[in-house]
Amino acid sequence: MTTTITLPLHPFGTEITTADIIAQMQATTGWEDRYRNVIQLGKKLPQLDDSYKQDQLKISGCESQVWLHHQTIDGRYYFIADSDARIVRGLITLVLTAYHGKTAAEINHFDIDAYFDSLGLIAHLSPSRGNGLKAIVEQIKQLTV
């Protein structure tokens, strides 16, 4: 018997890869273009139905509201997340691209800091946005322990 993913589908980590995101961000000509790019990526993330926006699934440490759901099938982790802030929705896509559909070993061995550095974003985020991004990553890593 095969189990299927019951979470809403999105293209991050499947159709859109980290290599795609890196290439897209490196082709931009400055922080404002990168910022716009992140917001555009966030528009490709499906909005969660209100039934998924449960308090126990909120990520603490984020200035904005962020909800993260996961499902594990055959040792692979599948994620869906949403936020009430446009830029955070875009930042979520960067994280999902790195982790969605991966095994715990792949998630824990992925160098997320090098990935973020290659995107040229972290230095331009406010401290609270940067901390929120780290909180999302840490929550995912906690789920895979």
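As the structure is a computational prediction, the values presented were derived from the model and not from experiment.
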Quiz prompt | Nearest heavy atoms of L94 and F116, plus distance in Å | solution = CB-CE2, 4.4 Å

Practice problem: Determine the minimum heavy-atom distance between K44 and P11, stating which atoms define it. | Solution: O-CD, 3.9 Å

Self-check item: T6 and Q71: side chain donor to acceptor below 3.5 Å
Solution: yes

Quiz item: What is the distance from atom CD1 of I21 to atom CD1 of I16, rounded to the nearest 0.5 Å?
Solution: 6.0 Å

Practice problem: Find the distance between CZ (R34) and CD1 (I39) and round it off to the nearest 0.5 Å. | Solution: 14.5 Å

Quiz item: Atom CH2 in W67, atom CD in Q54: separation rounded to 0.5 Å?
Solution: 11.0 Å

Quiz item: Where the side chain of T97 meets the backbone of F12, is there a donor-acceptor pair that is under 3.5 Å apart?
Solution: no

Quiz prompt | T28-R36 side chain donor-acceptor pair, cut-off 3.5 Å | solution = no

Exercise. On the 0 to 90° scale, with breaks at 30° and 60°, tag the H100-Y78 ring pair as parallel, tilted or perpendicular.
Key: perpendicular

Quiz item: L48 and D82: which non-hydrogen atoms are nearest, and at how many Å?
Solution: N-OD2, 2.9 Å

Practice problem: Indicate yes or no for a side-chain donor-acceptor contact from T103 to the backbone of E106 under 3.5 Å, with no hydrogens or angles considered. | Solution: yes

Practice problem: Kindly work out whether a path of hydrophobic side-chain contacts (I/L/V/M/F/W/Y, heavy atoms less than 4.5 Å apart) joins L57 to I80. | Solution: no

Quiz prompt | Donor on one side chain, acceptor on other, N131 and S128, under 3.5 Å | solution = no

Exercise. Measure across Y115 and A98 and return the closest heavy-atom pair with its distance rounded to 0.1 Å.
Key: CE2-CB, 4.1 Å

Quiz prompt | H70 and Y77 aromatic ring geometry - parallel, tilted or perpendicular at 30°/60° bounds | solution = parallel

Quiz item: Atom CG in D33, atom CD in Q40: separation rounded to 0.5 Å?
Solution: 11.5 Å

Quiz item: T17 side chain to G13 main-chain N or O, any donor-acceptor pair under 3.5 Å?
Solution: no

Practice problem: Decide if atom NZ of K53 counts as having more than 12 heavy atoms of other residues, nucleotides or ligands within a radius under 6.0 Å. | Solution: yes

Quiz item: Can you name the closest pair of heavy atoms from I107 and K141 and give their distance?
Solution: O-CE, 4.2 Å

Quiz item: Under a 4.5 Å cut-off applied to non-hydrogen side-chain atoms, are D55 and K58 in contact?
Solution: yes

Quiz item: Which atoms form the tightest heavy-atom contact between A81 and I92, and what is the distance?
Solution: CB-CG2, 3.6 Å

Self-check item: same_hphob_cluster(V66, Y52) at 4.5 Å side-chain heavy-atom cutoff
Solution: yes

Self-check item: Ring centers of F79, Y99 separated by less than 6.0 Å
Solution: no

Quiz item: Should L41 and Q24 count as side-chain neighbours, where that means a heavy-atom distance under 4.5 Å?
Solution: yes

Exercise. Apply the test side chain to side chain contact (heavy atoms under 4.5 Å, CB included) to residues S118 and Q26: give CA-CA distance (whole Å), side-chain angles for both, the deciding distance (0.1 Å), then the verdict.
Key: CA-CA 8 Å; S118 69; Q26 290 178 345; 4.2 Å; yes

Practice problem: Go through the steps to decide whether L91 and L125 satisfy the test side chain to side chain contact (heavy atoms under 4.5 Å, CB included), and finish with yes or no. | Solution: CA-CA 10 Å; L91 295 172; L125 294 177; 4.3 Å; yes

Quiz item: Does any N or O in the side chain of R76 come within less than 3.5 Å of the main-chain N or O of G101, such that one atom is a donor and the other an acceptor?
Solution: yes

Quiz item: Should I59 and L143 be regarded as members of a common hydrophobic cluster, given that ILVMFWY residues are connected when their side-chain heavy atoms come within less than 4.5 Å of each other, either directly or indirectly?
Solution: yes

Practice problem: Could you check D20 against T18 for side chain to side chain contact (heavy atoms under 4.5 Å, CB included), going step by step and ending with a plain yes or no? | Solution: CA-CA 5 Å; D20 296 331; T18 55; over 6 Å; no

Quiz item: Can you find a pair of side-chain heavy atoms, one from L133 and one from R129, that are under 4.5 Å apart?
Solution: no

Quiz item: If you round to the nearest 0.5 Å, how far is CZ of R89 from CG of L45?
Solution: 4.5 Å

